[in-house]
There are 2 protein chains.
Amino acid sequence: MSSSNSGNWWKHLALYGITLGLLMASLQYSKLHILTYGQSEKWYIIVIAILFAAVGIWAGMRWNRKPATSKPDTPSPVLPKDQILAQLGITPRELEVLEQIAEGKSNQEIAESLFVSLNTVKTHLSNIFAKLDAQRRTQAIQKAKSLGLLP
Amino acid sequence: MSSSNSGNWWKHLALYGITLGLLMASLQYSKLHILTYGQSEKWYIIVIAILFAAVGIWAGMRWNRKPATSKPDTPSPVLPKDQILAQLGITPRELEVLEQIAEGKSNQEIAESLFVSLNTVKTHLSNIFAKLDAQRRTQAIQKAKSLGLLP
DNA sequence: CCCAAAATCACCCAAAAGTATGAAGCCTGA
DNA sequence: TCAGGCTTCATACTTTTGGGTGATTTTGGG
């Protein structure tokens, strides 16, 4: 209840909100004039509530939707791999590193597998990230795959 | 939700409703003088609006969350995805996280997209790694794909 | 031979990711 | 009602990654 309860309070809030809405609606229908507002003001409030609920639903669905349109990437690129590599300026060694991160290897493992130092792998990776415009290895993998550089 | 929840949520709802009703009634009686002023009515309407906006957002996310987990694309795994998931003990939420790391997102981004804390994402990931026998996110992606859990 | 690109490595620092442990609230099914 | 799985979150700690800079070697053409 004190400070770090952030998990579920808003669920309750939501329930309260829904309940409030139902309550107000039923109050309207039953003509129990408990509230001291005039008729027009009551309806005004209800309209506002419904309106905002609708807007909220729309916003919520909007906000949480994943970009489903990103599926039709480049499955059959017209350009051959070599050309894409050249275009991006990715060198053969960098591609090797790229392939290995896609296999789930750590930098250390890649270094050992290529017989180079960890620092070298990092350097290659930095260059790859710059050329693919990625911030993370997972992102680089994703981009490389959609470019057809990786299976 | 998977259709019917037998009968618990509406009980809470009813309870909240009753409580709220009593609360509102007492408010009416004790603060009649305030409510006669136009200013407090405005305030009340604003609260209603915010409340319903919150409810709407919540509902929208809720309705949008379930379809997110059920993916229509089933390549051709020998076992249905559900069965593999059950076998490994991977929960729906964990799968959601798994899907997002495969999209190249950072833990922080996933946390924001799922409206949970960073710590929660890490916990889910730890569990995923254990269940997939992976040490790294890239490895988990790899394994999940070869199992048909991811496209 | 000389140059330039590629490959290699080192440090340092910051940020992100991963590990371990404990715990609370919710939901479901027995 | 009670146990157990799921989800959530926290704290503390270690490891891995990523970013920036600079430097040395290799190598292949011109």
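These numbers come from a predicted model, not from an experiment. Just the heavy atoms: all of them, side chains too, but no hydrogens, waters or symmetry mates, feed the values below. Letters A, B, ... mirror the listed sequences (proteins, then strands); counts begin at 1.
- One atom, CG of B:L118, and another, P of C:dA15, lie 14 Å apart when rounded to the nearest Å.
- Looking only at side-chain heavy atoms (C-beta outward), B:I110 and B:H124 stay at 4.5 Å or farther from each other.
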Can you pull every protein N or O that's under 3.5 Å from an N or O on nucleotides 18-21 of chain C?
| residue | atom | partner | partner atom | Å |
| --- | --- | --- | --- | --- |
| C:dG18 | OP1 | B:R137 | N | 2.8 |
| C:dG18 | OP2 | B:R137 | NE | 3.0 |
| C:dG18 | O6 | B:K122 | NZ | 3.0 |

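- A straight line from NZ of B:K105 to P of C:dA16 spans 16 Å, rounded to a whole angstrom.
- For B:E109 (side chain) and B:K105 (main-chain N/O), no donor-acceptor pair under 3.5 Å exists by modelled atom type.
- Both B:V116 and B:G89 lie near DNA chain D, and the one whose nearest nucleotide falls closer to the 5' end is B:G89.
- Considering only side-chain N and O atoms, B:H124 lies nowhere under 4.0 angstrom from the phosphate OP1 or OP2 of D:dT7.
- For the pair B:F115 CZ and D:dT7 C1', the interatomic distance rounds to 16 Å; values are reported in whole Å.
- With hydrogens and angles disregarded, a donor-acceptor distance shorter than 3.5 Å links the side chain of A:K131 to the backbone of A:G89.
- Side-chain N/O atoms of A:S117 include one lying less than 4.0 angstrom from OP1 or OP2 on C:dC9.
- Put simply, A:T91 has no side-chain N or O that comes within less than 4.0 Å of OP1 or OP2 on C:dA5.
- The two residues A:L132 and A:A140 come nearest to each other via the heavy atoms CD1-O, 3.7 Å.
- For A:Q108 and C:dA17, the CD to C1' distance is 17 Å, given to the nearest whole Å.
- Between the side chain of A:E94 and the main chain of A:I90, no donor-acceptor pair closer than 3.5 Å is present.
- As a whole-Å value, the separation of B:I90 CD1 from D:dT7 P is 12 Å.
- Nucleic acid contact for A:T120: base, since at least one base atom lies under 4.0 Å from a heavy atom of the residue.
- Checking side-chain atoms of B:K143 against main-chain N and O of B:D133 turns up a donor-acceptor pair under 3.5 Å.
- The separation between A:L95 atom CG and C:dA6 atom C1' is 15 Å, rounded to whole Å.
- Put simply, CG on B:N127 is 13 Å from P on D:dG5, counting in whole angstrom units.
- The interatomic distance linking A:R93 (CZ) with D:dT25 (C1') rounds to 14 Å, in whole Å.
- A donor-acceptor contact under 3.5 angstrom links the side chains of B:E112 and B:Q108, judged on distance only.
- Of the nucleotides present, D:dG5 is the one that pairs with C:dC26 by Watson-Crick or G-U wobble criteria, both distances under 3.5 Å.
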